[in-house]
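Atoms within each ligand, like the ligands themselves, are counted from 1 in listed order. Residues: numbered from 1 along the sequence shown. Basis for what follows: all heavy atoms, side chains included, without hydrogens, waters or symmetry-related copies.
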Amino acid sequence: MCGIIGYVGSRAVVQILLEGLGKLEYRGYDSAGLAVNSAGKIKVFKAEGKLQNLKQVMANYTLSDTTAGIGHIRWATHGAPNKINAHPHTCNCGKLALVHNGIVENYKELREELTAEGCVFKTETDTETVAHLIAQEYGRCQSLPKAVRAAAKRLKGAYALCVMHQDEPNLLVGTRKNAPLIVALGENENYLASDCPAIIEYTKRVIYLDDDEFAVLTPDSVLITDADGKQIFKKEEILPWEPVAINKMGYKHFMLKEIHEQPDVIRNALSGKLHDMNSPVILDEVKLTADEIRNLKRIEIIACGTSLHAAMIAKYAIEAFTNIPVDVECSSEYIYRKTVTDAKTLVIGISQSGETSDTITAIRQAKAVGSHVLIITNRPDSIMAREAHSLIPVNAGIEVSVAATKSFNAQLIALYLFALFIAETKKSFDEGYIAKLKHELLQLPPKVEMILSHKENIMKCAKTFASFRNFIYIARGINYATALEGALKLKEISYINATGYPAGELKHGPIAMLDETMPVLAVLMPGVVYDKVLSNAEEAKARNARLIALTSSEDAALENLFEYILKVPPVDEYLSPVIASVPLQLLAYYIAEFLGKDVDQPRNLAKSVTVE
Ligand code: AGP
């Protein structure tokens, strides 16, 4: 969360910063700000709200003789999301400015100490302490690199920092700990950024900083050092992608566009790994030997949010196909308890962004006890990907909308392939059934296309139910997590209180809430629990709940029970979460759109959650 960028060179600094921040807006949109060294002075500009507001502010200025600049897009942690708390933050003399992504955990002690020493604080942020701390060190050593290194020794928590000083106008210093920061190398210009999209238009040459490393940038040099100032020789890498024009391609929102990309995303995720129903799954990305696979005793999957729902679905498939017990846990719970993860456990981390802080901590803990760590991510250049033993990139393409859609189904495909790959290696599942599943996997794209070309009923349903303030989603078995995911989509973009329950749990409490004001959506995919979910839906109807079914069943009797039936093509039960998730994404989308919500950038959220 929060995006930072820094530039040193002779181009139009403000434009580079604003364009870079535009590419980082997925990381937060509470406020935006920038600072430039212009005509020998540090000048700071800020605006509350989205980047567009800062762009309007900047339209009033022509800045001459700019040599360097830093920019920030904020997802507020400490202090209200207003203009005062917006970054960059400065020291009392205004000569030093910095931007920060992360949380300084010991900021209260530092703030007390600095206040006692005469610093005057203007904001409620944790970040301002860092500006004063570095300025104090600068007073002693008159060198920005030394001052940043000295101050960093006193910081606890997570940070990516980009710092500039008026008296060293052609220089930027960056450092990081548990938050991403890259150095990008240009011709007579250099950059710092939270993520590659901010710089890809200008250069593909990057250096990934590691924790406790410091980068000192001038237009024609980059020096990387450790915390004591000793030079570190780092490998320069070339970004493997072209600058992509990120636009909505005629769709009203990125979310709708990304939902519609899913048939191709699924094709991509299968490509090169599954050729036909009679050939084995090829998964060279899994760096375990056949013996190691046969000896696997346990699998743990760790993830957050939508990725966690993909993990919950995968547990059903992996256990059924491979007989290996699978535990699924959300990363933020995993990291603060004594786990029994060990060298015999395969740990799978799933993350669209590859930089979710809790998941990074969890996989590091798993690595520390000797587990093999497999990462499934949409960002093969991310921190998680670079720390993995095995890496399956899902290749869904940049996902802009904060609500994850296409990355979810790309993750599911990777997980099904993984489950089948292990089953084939272990010979643990019926060969005929494996062939059937492979055939059905290859049939998923046209089935999703069919759903996408018949959206009218979903739109009608969305209009009928948009005014409700509460929703319950029910399902059982492999689709329980599909229900959770459908409810999460509705919550995050429409702010409607939607809760997913295992249908059998209704009678243990939630049924008390049911009446005509509480619609119930039943994920009713044919399979072992179909009749059970149907009975649970009947129970809800008996309590006057208005019912929606999501099903591929042709049973005409359903029409008497359900007010809306969202029909999907038939599919094997194990693969049904892929098919069932698409109408749920669309339903959430159309409800939010009908309510006029900010679909792609819902309030309080950010696409990458880089703080605990
Ligand atoms: C999804 O719609 C959410 N915005 C969110 O739950 C997300 O899935 C979660 O933050 C995990 O992110 P990751 O997959 O990038 O780790």
Side-chain angles (χ1 to χ4, degrees), residues 1-3 25-29 75 178-180 194-195 197 253-256 258-259 262 301-314 328-335 348-364 373 375-385 387-388 391-394 396-412 414-415 481-482 484-496 498 500 581-582 584-589 592 597-612:
M1 294 153 137
C2 296
E25 216 180 359
Y26 71 88
R27 305 177 73 88
Y29 30 80
W75 185 84
N178 295 327
S194 298
D195 197 3
H253 295 99
F254 280 108
M255 181 178 178
L256 193 58
E258 287 158 4
I259 291 172
Q262 292 181 109
I301 318 184
I302 308 167
C304 301
T306 290
S307 299
L308 179 68
H309 297 151
M312 291 169 76
I313 291 165
V328 174
E329 191 159 354
C330 88
S331 319
S332 52
E333 289 300 316
Y334 179 92
I335 57 183
I348 304 179
I350 310 178
S351 174
Q352 188 287 130
S353 62
E355 61 168 315
T356 298
S357 163
D358 291 323
T359 309
I360 292 175
T361 308
I363 62 154
R364 284 181 180 161
V373 170
I375 294 296
I376 296 179
T377 180
N378 195 28
R379 293 299 303 270
D381 54 337
S382 61
I383 295 179
M384 266 182 235
E387 296 192 7
L391 167 68
I392 307 183
V394 300
I398 298 268
E399 191 174 63
V400 176
S401 180
V402 164
T405 53
K406 61 177 180 173
S407 62
F408 172 72
N409 272 320
Q411 289 167 351
L412 282 184
L415 287 157
T482 315
L484 293 180
E485 175 57 11
L488 175 63
K489 287 287 90 80
L490 186 60
K491 268 188 279 228
E492 66 181 336
I493 61 170
S494 71
Y495 322 142
I496 291 171
S581 64
V582 179
L584 298 183
Q585 296 165 349
L586 286 167
L587 183 66
Y589 172 80
K597 301 295 184 202
D598 191 347
V599 172
D600 287 331
Q601 296 185 329
R603 69 183 184 201
N604 307 338
L605 293 178
K607 185 82 183 150
S608 285
V609 185
T610 59
V611 294
E612 262 195 40

- Query: Would you say the side-chain atoms of Tyr589 pair up with the backbone N or O of Ile259, donor to acceptor, closer than 3.5 Å?
  - Reply: no
- Does the Asp600 side chain pair with the main chain of Phe254, one donor and one acceptor, at a distance under 3.5 Å? yes
- Note on the structure: With Met384 as partner, the option from Thr377, Leu391, Ile350, Thr356 fulfilling side-chain contact (heavy atoms from CB on, under 4.5 Å) is Thr356
- Thr361, Ile363, Ile302 screened by side-chain contact (heavy atoms from CB on, under 4.5 Å) with Ile335, the one that passes: Thr361
Flag [X] as yes when one of its N or O atoms lies below 3.5 Å from any N or O atom of ligand 1, and as no otherwise.
X      : value
Ser307 : yes
Glu492 : yes
Ser351 : yes

- With heavy atoms only and a cut-off of under 4.0 Å, state how Thr306 meets ligand 1: side chain, backbone, both or neither. both
- Task: With heavy atoms under 4.0 Å as the rule, classify the contact between Glu355 and ligand 1 as side chain, backbone, both or neither.
- Result: neither
- Message: For a 4.5 angstrom cut-off between non-hydrogen side-chain atoms, does Ile360 reach Asn178?
- Response: no
- Is a side-chain donor-acceptor pair under 3.5 Å present for Gln352 with Ser307? no
- Item | Check: Gln262/Thr405 side-chain N/O donor and acceptor closer than 3.5 Å | no
- Message: Between Arg364 and Glu387, does any side-chain N to carboxylate O distance fall below 4.0 Å?
- Response: yes
Of all the atoms in ligand 1, which lie at a distance below 4.0 Å from a heavy atom belonging to [X]?
X      : value
Ala404 : 1 (C), 2 (O)
Val609 : 10 (O)
Lys489 : 1 (C), 2 (O)
Ala403 : 2 (O)

- Note on the structure: min-distance protein heavy atom vs atom 9 (C) of ligand 1 -> Cys304 O, 3.8 Å
- Task: Note the single closest protein heavy atom to atom 6 (O) of ligand 1, along with its residue, its atom name and the distance in Å.
- Result: Gly305 CA, 3.2 Å
- Proximity winner for atom 13 (P) of ligand 1, if only heavy atoms of Thr356, Val402, Asp358 are counted: Thr356
- Looking only at non-hydrogen atoms, which of Ser353, Ala310, Ala588 approaches atom 15 (O) of ligand 1 most closely? Ser353
- Note on the structure: Only residue of Gln601, Glu399, Glu355 satisfying side chain to side chain donor-acceptor pair (under 3.5 Å) with Lys607 is Glu399
